[in-house]
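Some notes on the structure that comes next.
For this chain, numbers begin at 1 and follow the sequence in order. What you are looking at is a predicted structure, and each value in this text was computed from that prediction instead of being measured.
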Amino acid sequence: MNITYHIDDIEQVACQILAHTTEKVILFNAPMGAGKTTLINAMCKQLGINEVTSSPTFSIVNEYKSDKVTIYHFDLYRIQDKEELLNIGIEEYLDSEAYLFVEWPELLTPYLESFTTITIENLSVNQRKVVLP
């Protein structure tokens, strides 16, 4: 599935993505500044998260909750190796029933059994392309 969109249409794109995937672990591949966090924010909103979401660049993980879902948003950019990944308690997160939205997921993939990967491509300043399996 490929979706080309203007940034103003991101809410609709988030809805399409959530309707398309049955996985709760979603990995985001894209270059810096491509809009991973912006798309994750829109997906959180579609899942009923009313609080303001932000990038967990320095905290590594942010937790968001609604009455119906829990979402863990990871930014693993600063994680150097598997030991650091284990030290943040990644196995506990993986054993939860929560959604896991993961930016920079390369070190995490060996620990995953099932997941969806979303690739975001920059087409212009305000236009992106999302590729899903």
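Under a 3.5 Å cut-off, the side chain of D81 and the backbone N or O of E83 do form a donor-acceptor pair. Judged purely by atom type and a 3.5 angstrom limit, K45 has no side-chain atom pairing as donor or acceptor with the backbone of N50. Side-chain atoms of T21 do not come within 3.5 Å of backbone N or O of L18 as any donor-acceptor pair. With D9 contributing its side chain and Q12 its backbone, the two residues share no donor-acceptor pair below 3.5 Å.
Between A34 and N122, the closest heavy-atom pair is CA-OD1, 3.7 Å. Of all the heavy atoms in Q46 and A14, the pair that sits closest is CG-CB, 3.8 Å.
Side-chain heavy atoms closer than 4.5 Å link hydrophobic residues (I, L, V, M, F, W, Y) into clusters, and following such links, even through other members, never connects L107 to I118. There is a path of hydrophobic side-chain contacts, each under 4.5 Å, that joins I60 to L100. Under the 4.5 Å side-chain heavy-atom criterion for Ile, Leu, Val, Met, Phe, Trp and Tyr, V13 and V131 are members of distinct hydrophobic clusters. A continuous path of Ile, Leu, Val, Met, Phe, Trp and Tyr side chains, each step under 4.5 Å between heavy atoms, connects L39 with Y64, placing both in one hydrophobic cluster. Transitive grouping of hydrophobic side chains (ILVMFWY, heavy atoms separated by less than 4.5 Å) brings I79 and V25 into a common cluster.
Residues L76 and R78 are not in side-chain contact: their nearest non-hydrogen atoms beyond the backbone lie 4.5 Å or more apart. Using a 4.5 Å cut-off on side-chain heavy atoms (C-beta onward), K129 and N2 make contact. Using a 4.5 Å heavy-atom threshold, the side chains of H6 and Q127 count as separate. Using a 4.5 Å heavy-atom threshold, the side chains of L94 and L108 count as touching. For the pair N62 and T53, the minimum side-chain heavy-atom distance is 4.5 Å or more. Looking at R128 and E121, their side chains never come closer than 4.5 Å, going by heavy atoms from C-beta outward. For the pair P133/T116, a side-chain contact is recorded, criterion being any heavy-atom separation below 4.5 Å from C-beta on. M1 is listed as a side-chain neighbour of Q16, based on a closest heavy-atom distance under 4.5 Å.
Applying the ring-ring contact (aromatic ring centres under 6.0 Å, His included) test to residues at least two apart or on different chains, the pairs with a partner in residues 74-93 are Y72-Y93, F74-Y93, Y77-W104.
Annotation: the span from I26 atom CD1 to I17 atom CD1 amounts to 7.5 Å, rounded to 0.5 Å. With values rounded to the nearest 0.5 angstrom, E23 atom CD is found 10.5 Å from E113 atom CD. The distance from the OG atom of S114 to the CG atom of L112 is 8.0 Å, given to the nearest 0.5 Å. Note: I3 CD1 to L132 CG = 6.0 Å, rounded to the nearest 0.5 Å. Rounded to the nearest 0.5 angstrom, I49 CD1 and L47 CG are separated by 7.0 Å. If you take CG on N126 and CD1 on I7, they are separated by 7.0 Å, rounding to the nearest 0.5 Å.
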inquiry  = Before you tell me yes or no, could you show the steps for Y5 and V130 under side-chain contact (heavy atoms from CB on, under 4.5 Å), namely the whole-Å CA-CA distance, both residues' side-chain angles and the distance that decides it to 0.1 Å?
reply    = CA-CA 8 Å; Y5 65 98; V130 170; 3.2 Å; yes
task = Would you check, one step at a time, whether the test side-chain hydrogen bond (donor to acceptor under 3.5 Å, both in side chains) holds for N29 with T119?
result = CA-CA 5 Å; N29 287 323; T119 302; 4.5 Å; no
Test side-chain contact (heavy atoms from CB on, under 4.5 Å) applied to H73 and V61, step by step = CA-CA 5 Å; H73 175 191; V61 63; 5.9 Å; no
request  = Check step by step if side-chain contact (heavy atoms from CB on, under 4.5 Å) holds for V102 and D75.
outcome  = CA-CA 6 Å; V102 185; D75 183 331; over 6 Å; no
Step-by-step side-chain contact (heavy atoms from CB on, under 4.5 Å) determination, E103 to I40 = CA-CA 9 Å; E103 299 182 42; I40 289 169; 3.7 Å; yes
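Side-chain contact, T70 with E63: no donor N or O sits under 3.5 Å from an acceptor N or O.
For the pair K24 and Y99, the cation sits on the ring face: its NZ or CZ lies under 6.0 Å from the ring centre, inside 45° of the axis.
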